[in-house]
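Single-structure report; data block below.
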Protein chains: 2
Amino acid sequence: MPQSKSGHVTLSDVANATGYSVSTVSIILSGAPLSANVAASTRETIRAAAKRLGYHPDARARSLRKQRSGTIGVLAYDLSDPYCMPVVQGVQHGLQATDYLPLVMDAQTERKVFDKSLRLMLERRVEGVVVIASWMFDETSLLADIKKNGVPTLVVGRDLTPSGITSYLLDNEQGGRLAMEHLLQLGHKKIAVIRGPDGMFDSAPRWKGMLRALQQTSVTLAEQLTPQLPLLNTPGEAFEAGRSLVKHMLKSRRRFTAILAFDDLTALGVVRGLHEAGKSVPDDCSVVGFDDVLPARVATPAITTVHQPMRQMGLKAIEHMLTLVEKPGAVQELASLCLSTPELVERASTAVAAKKRALLV
Amino acid sequence: MPQSKSGHVTLSDVANATGYSVSTVSIILSGAPLSANVAASTRETIRAAAKRLGYHPDARARSLRKQRSGTIGVLAYDLSDPYCMPVVQGVQHGLQATDYLPLVMDAQTERKVFDKSLRLMLERRVEGVVVIASWMFDETSLLADIKKNGVPTLVVGRDLTPSGITSYLLDNEQGGRLAMEHLLQLGHKKIAVIRGPDGMFDSAPRWKGMLRALQQTSVTLAEQLTPQLPLLNTPGEAFEAGRSLVKHMLKSRRRFTAILAFDDLTALGVVRGLHEAGKSVPDDCSVVGFDDVLPARVATPAITTVHQPMRQMGLKAIEHMLTLVEKPGAVQELASLCLSTPELVERASTAVAAKKRALLV
DNA sequence: ATAAACTATTCAAAGCTTTGAATATCAACA
DNA sequence: TGTTGATATTCAAAGCTTTGAATAGTTTAT
């Protein structure tokens with residue numbers, strides 16, 4: 001049916017079918033201002049023909065001509081990480097009412113894929129880029145290209161203000177403090193901490209917050225009980241790491257009545273490791289996670305954790321982005337840092353310390 | 001720096017900077033066959049200039065001219081459902097070595113969003129569409145448009161061969177059989193089943209498979225112990241449904257020593273419900289899930305479940321798709337049905353039936 | 001009757017690339 | 001000298017849409 005080479009129905013097909021010119025058809029089907037002038041009968045004829053033929057405008061041609069792609073790139077470091085999707089959902093939500101379309105890409109924790117995705121976004125002329133937390137970002141030279149091309153960029157999940165990029169992230173330090181304070185309030189004195197890997201941005205501030213919470217107390221942390229996660233690639237690996245680290249700690253024969261894990265998956269691994277060693281949570285040992293992702297909510301006992309408002313962060317970021325793309329060519333304002341407030345959500349994996357039964361293997 | 005109106009560096013910018021014509025620049029930067037003819041020095045000059053200026057080809061213009069978008073649409077019914085991402089990963093994996101790009105969109109279980117996404121894909125001239133399981137699909141009239149425009153379509157997660165669409169899905173009936181047989185082998189006689197909602201494709205075959213497994217045995221299912229899930233929108237809802245249904249069943253005072261849940265999230269809800277009623281898994285009651293998603297693996301006890309090879313299904317689907325897009329205009333072959341084989345993965349949520357302690361509330 | 005003001009529609013250029021055909025240059029060959 | 005054949009580069013059209021300006025045609029005001 002369509003005559004054009006592409007196999008797709010074009011304006012020219014509709015024009016031929018109705019006897020009107022391509023311009024007229026375009027004006028009507030795109031709802032241009034000029035369409036106020038066209039006769040109602042014409043409008044009907046053309047609309048009907050378009051529908052009958054199955055016309056769908058070519059987004060590439062339109063976007064080329066209009067000099068606006070109507071697209072905002074969203075690049076996640078790993079979409080399969082339960083942390084990412086809520087952020088993306090926030091973005092999607094914020095874009096719903098607009099006529100921007102999120103182009104979501106997944107770096108799959110691979111540097112090469114990350115760079116390629118960024119390049120492809122640039123080529124598709126996204127009007128803005130939202131990057132979800134990635135260590136990969138600092139070294140990439142594409143960053144320079146993005147700036148050179150005047151595409152506004154935002155990052156959520158880590159602080160890149162030193163590189164001049166407005167950043168949305170959790171107040172990790174306060175989160176760490178909250179988690180530790182919770183355990184202290186429950187009367188725990190022998191506390192183990194599984195710290196985040198050095199290569200990850202969140203690690204240091206969370207740790208710092210925990211130490212700060214201890215400052216006014218007499219509680220100290222034993223070095224054997226503060227191991228560090230290696231740099232991981234998948235959520236599954238964090239689980240395994242938590243599981244094996246807790247087993248090592250049990251072997252160390254240092255008492256502890258509570259464990260503070262770097263994130264929820266690690267915490268779930270800890271629960272598993274404890275269980276395998278015959279310890280029960282929270283009776284023998286309390287466990288606290290971080291982030292509040294789905295697996296932590298649906299596990300039994302549900303994991304007490306520090307909630308990170310990922311959806312909200314995505315939403316706030318995209319709202320900011322919308323203001324940026326609406327004023328094209330404006331001087332990129334100073335990079336700002338937007339901290340979200342963490343919230344402790346108490347669930348079933350923590351309990352009052354049973355003083356007499358402090359865990360001793 | 002760039003002179004063109006768009007604010008992006010164009011071929012013409014590079015041409016001006018080097019003194020060569022736009023054609024020459026294009027030939028070199030796009031690696032066209034003709035580039036064999038150009039002088040090495042020219043090549044260098046132009047490449048250098050392109051890099052210096054930060055040139056990135058405009059994908060829209062290129063794709064318009066080449067009549068190929070190099071894009072394959074992937075439409076998931078809900079990206080935040082742990083079922084979807086593995087399929088998407090399989091697709092991504094299969095596309096890695098090609099120069100096709102997946103355009104992944106998320107319908108967020110909303111019919112309106114689903115239709116809009118499909119429309120946008122059409123407008124962006126995707127060369128193929130892979131839809132991940134959706135009840136929304138059958139009624140949409142866009143299906144007709146997609147066909148009219150000759151875009152090959154595949155679905156994974158449900159059987160749409162009656163509508164002429166090649167489908168990739170699990171052999172649900174065998175999956176149901178496997179799950180039930182597992183419980184029978186463990187000696188369970190009083191078995192409860194939480195059936196899937198009517199509106200969901202998988203429900204019937206899984207149920208049928210379970211019944212078939214019972215056929216050669218003397219075990220029967222009590223009607224009060226085979227409730228049905230309502231149609232749900234989010235993974236969280238399935239969890240809550242499982243939790244509340246199991247509580248109802250406990251109230252019914254019918255004995256059961258095992259529960260077969262429609263999917264993993266429901267199973268996790270069941271575990272929670274049992275736990276809240278003071279029952280332990282698997283000692284008092286075994287629980288079997290379905291799908292094998294991340295939360296089921298990292299929960300403790302880990303959920304015994306029927307593994308659905310989602311990654312592999314995504315991979316197989318996209319490989320098929322690649323053959324379809326390579327022969328444009330070919331007559332769409334007959335729709336075929338590709339069933340994947342389920343596998344039971346035994347974990348810690350099931351155990352031998354403790355005959356004497358059949359669960360009685 | 002004529003200018004002015006609408007109304008309804010079309011022209012033609014532009015947005016950025018790609019590419020078949022064309023041009024220009026130069027060497028070699030008969 | 002004129003032909004052939006490379007080699008290196010450019011012309012110009014096309015892909016589909018949008019849009020400022022232009023063209024007819026009709027009505028209103030003067």
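Proteins come first, then strands; the chains are lettered A, B, ... in the order of their sequence lines, and each starts at number 1. Keep in mind that what you see is a predicted model, and the values were worked out from it rather than measured.
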(message) Roughly what angle, to 10°, lies between the helix axis at the start of the helix from C:dA1-D:dT30 to C:dA30-D:dT1 and the one at its end, five pairs per end?
(response) 70°
(request) If the plane angle is over 60° it's perpendicular, under 30° parallel, otherwise tilted; pick one for A:Tyr77 and A:Tyr83. (result) tilted
(message) By nearest atom, which of the nucleotides C:dT9, D:dT17, D:dT10 is closest to the A:Ala39 side chain?
(response) C:dT9
(request) Kindly say whether A:Ser12 contributes a backbone atom to a donor-acceptor pair with the side chain of A:Thr10 at under 3.5 angstrom? (result) yes
(request) For B:Leu11 and C:dT19, give me the distance from atom CG to atom P, rounded to whole Å. (result) 12 Å
(request) Let me know which of B:Leu75, B:Ile146, B:Ile72 forms a side-chain contact (heavy atoms from CB on, under 4.5 Å) with B:Met121. (result) B:Leu75
(message) With a cut-off of less than 4.0 Å, is there a side-chain N or O of B:Tyr55 near OP1 or OP2 of C:dC16?
(response) no
(request) Compute whether any side-chain donor of one residue and acceptor of the other, for B:Arg65 and B:Ser26, lie under 3.5 angstrom apart. (result) no
(message) From C-beta outward on B:Ser23, which listed nucleotide comes closest to its side chain: C:dT19, C:dT9, C:dA12?
(response) C:dT19
(message) Tell me which residues in residues 24-34 of chain A lie within less than 4.0 Å of DNA chain C, going by non-hydrogen atoms.
(response) A:Thr24, A:Ile27
(message) From NE2 of B:His56 over to P of C:dC16, roughly how many Å is that when rounded to an integer?
(response) 16 Å
(message) Checking contacts here: which listed nucleotide (C:dT9, C:dA12, D:dG15) is nearest the side-chain heavy atoms of A:Asn37?
(response) C:dT9
(message) Closer than 3.5 angstrom, by distance alone: can the side chain of A:Ser336 be matched with the main-chain N or O of A:Leu334 as a donor-acceptor pair?
(response) no
(request) Residues of residues 57-65 of chain A with any non-hydrogen atom less than 4.0 angstrom from an atom of DNA chain D: list those, numerically ordered, please. (result) A:Pro57, A:Asp58, A:Ala61, A:Arg62, A:Arg65
(message) Expressed as a whole number of angstroms, how long is the span from B:Arg68:CZ to C:dT19:P?
(response) 11 Å
(request) Using whole Å, report how far NZ of A:Lys66 lies from P of D:dC16. (result) 19 Å
(request) Let me know the distance between OH of B:Tyr20 and P of C:dT18, rounded to the nearest Å. (result) 19 Å
(request) Taking only Lys NZ, Arg NE, NH1 and NH2, and the carboxylate oxygens of Asp or Glu, determine whether B:Arg119 and B:Asp115 approach each other closer than 4.0 Å. (result) no
(message) Test: salt bridge (Lys or Arg N to Asp or Glu O under 4.0 Å). Region: residues 45-59 of chain A. Which pairs qualify, not counting sequence neighbours?
(response) A:Asp58-A:Arg60, A:Asp58-B:Arg125
(request) Give, ordered by number, those residues of residues 40-47 of chain B having at least one heavy-atom distance below 4.0 Å to an atom of DNA chain D; if nothing qualifies, reply none. (result) B:Thr42
(request) Starting at atom NE2 of B:His8, determine the distance to atom P of C:dA14, rounded to an integer number of angstrom. (result) 21 Å
Any protein N or O atoms within reach of nucleotides 22-28 of chain D? Criterion: under 3.5 Å, listing atom names and distances.
none

